[in-house]
There are 2 protein chains.
Amino acid sequence: MDMQKPAGSKINQPCAACRTLRRRCGRNCPLAPYFPMEEVGNFTCVHKVFGASNVIRLLQRVEETKREDAAKSIVYDASARLRDPVYGSAGAIFHFQKHIQELEVQLELSRAQVMELQEQRDQLLRILMDVHHLLPFPPPPH
Amino acid sequence: MDMQKPAGSKINQPCAACRTLRRRCGRNCPLAPYFPMEEVGNFTCVHKVFGASNVIRLLQRVEETKREDAAKSIVYDASARLRDPVYGSAGAIFHFQKHIQELEVQLELSRAQVMELQEQRDQLLRILMDVHHLLPFPPPPH
């Protein structure tokens, strides 16, 4: 991280990463665009889980226009790992997969019930039509 | 990582981590129980994303009986990040959340259809009961 200020940053305000690591924050700081001082908690999270140098490497694997999204998802993964050190993001995935399976079962049951009810309704309509012809006079309106 | 062999490991066989890092694998190697040589790809993944020292720290934050699950979920997160460097595990979570929303909408529609059909069936049954009393003779069996 060099001695020049990153473009657009507040004068003398280092990014959250450089502040945390007690380094000078320069114009070419690779973390400054994604970890401003106002969101220092985000950097603390990713630093605890991935380490700053891994975060830089993970961001640099991604084309520049996608790095903001990548930084956000790295923060998301790190927060999940700190919240749930055993399962992390994977825990949420297993939970969602289970919920999807439950919803799919419920949906299948509900659709089977719709088909059964449609059949019952059609059968009742057929009976009613047949009966209608047998009436000596029209039935009272409903 | 010390010079003694980890309990239960094959003679002269280092764990995947020590083999990758070209270190001696000792009895107290903190990664050997979770990264056997047979699954070297798992260690390569986590090493690329988190770095070995962060993996050791993440595992040590977890009580010993949960470390196998933690190691598996760390491998899962790392594989997701390598497969999708922009969104990683978070990408799968967003995808699942969207799918859950869609399923919930479909389930709501299907349940509304069930209620409507039940109402139609009950109404037809009431009409049929009324009509039945007006018949000069019983209707033919269906």
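Protein chains get the first letters and strands the later ones, always in sequence-line order, with residue 1 at the start of each.
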K.L.:
How about B/Y76 and A/F94: are their ring centres within less than 6.0 Å of each other?
P.N.:
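When the ring centroids of B/Y76 and A/F94 are compared, they turn out to be within the sub-6.0 Å range.
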K.L.:
Chain B heavy atoms under 4.5 Å from A/K48: which part of the residue, side chain, backbone, both or neither?
P.N.:
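It is both, since atoms from each part get that close.
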K.L.:
By a 4.5 Å heavy-atom criterion (distance strictly below it), what part of A/V114 contacts chain B: side chain, backbone, both, or neither?
P.N.:
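Contact with chain B involves both backbone and side-chain atoms of A/V114.
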K.L.:
Without swapping roles, check the side chain of A/S89 against the backbone of B/S89 for a donor-acceptor pair under 3.5 Å.
P.N.:
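No; zero donor-acceptor contacts below 3.5 Å.
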K.L.:
Once you round to the nearest 0.5 Å, how far does NE2 of A/H99 lie from NE2 of B/H99?
P.N.:
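Result: 11.0 Å between the selected atoms.
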K.L.:
Could you look at A/V49 and say if it's the side chain, the backbone, both or neither that has a heavy atom under 4.5 Å from chain B?
P.N.:
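For A/V49, heavy atoms of backbone and side chain both lie under 4.5 Å from chain B.
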K.L.:
Using heavy-atom distances under 4.5 Å, tell me whether A/D77 contacts chain B through its side chain, its backbone, both, or neither.
P.N.:
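When you check distances to chain B, only side chain atoms of A/D77 fall under 4.5 Å.
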K.L.:
At a heavy-atom separation under 4.5 Å, does A/Q106 approach chain B through its side chain, its backbone, both, or neither?
P.N.:
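Answer is both: backbone and side chain atoms of A/Q106 are under 4.5 Å from chain B.
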K.L.:
Among B/L82, B/I93, B/V55, B/V62, single out the residue with the greatest number of heavy-atom pairs under 4.5 Å to chain A.
P.N.:
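Of the options given, most contacts go to B/I93.
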K.L.:
Where on B/R67 is there a heavy atom nearer than 4.5 Å to chain A: the side chain, the backbone, both, or neither?
P.N.:
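Neither the backbone nor the side chain of B/R67 comes within 4.5 Å of chain A.
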K.L.:
Using a 3.5 Å distance criterion without hydrogens, assess whether the side chain of B/N54 forms a donor-acceptor pair with backbone atoms of A/F50.
P.N.:
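Answer holds: yes.
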K.L.:
Check each atom of A/E63 against the heavy atoms of chain B and say whether the ones under 4.5 Å are side chain, backbone, both or neither.
P.N.:
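Looking at A/E63, nothing touches chain B.
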K.L.:
Looking at A/L59, A/L124, A/L125, which makes the most heavy-atom pairs under 4.5 Å with chain B?
P.N.:
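Ranked by contacts with chain B, first place is A/L124.
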K.L.:
Could you tell me whether B/Q60 atom CD has more than 12 heavy atoms of other residues or ligands within 6.0 Å of it?
P.N.:
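Atom CD in B/Q60 is packed in, count exceeds 12.
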K.L.:
What class does the angle between the rings of A/F35 and A/F43 fall in, given that below 30° is parallel, 30 to 60° is tilted and above 60° is perpendicular?
P.N.:
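Taking A/F43 first and then A/F35, their aromatic rings stand perpendicular (interplane angle over 60°).
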K.L.:
Give the member of B/R57, B/R61, B/H95, B/R81 that has the highest number of heavy-atom pairs under 4.5 Å with chain A.
P.N.:
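Heavy-atom pairs under 4.5 Å are most numerous for B/R81.
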K.L.:
How many angstroms lie between atom CG of B/L117 and atom CE of A/M115, to the nearest 0.5 angstrom?
P.N.:
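Rounded to the nearest 0.5 Å, the CG-CE separation comes out at 12.0 Å.
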K.L.:
Examine whether an atom of B/I74 lies under 4.5 Å from a heavy atom of chain A, and if so say whether it belongs to the side chain, the backbone or both; otherwise answer neither.
P.N.:
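Both backbone and side chain.
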K.L.:
Do A/S110 and B/S110 meet the criterion of a side-chain donor-acceptor pair at a distance under 3.5 Å?
P.N.:
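Yes, because at least one side-chain N or O of A/S110 sits under 3.5 Å from a partner of the opposite role on B/S110.
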K.L.:
Does any backbone or side-chain atom of B/Q118 lie under 4.5 Å from a heavy atom of chain A? Answer side chain, backbone, both or neither.
P.N.:
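B/Q118 touches chain A through backbone and side-chain heavy atoms alike.
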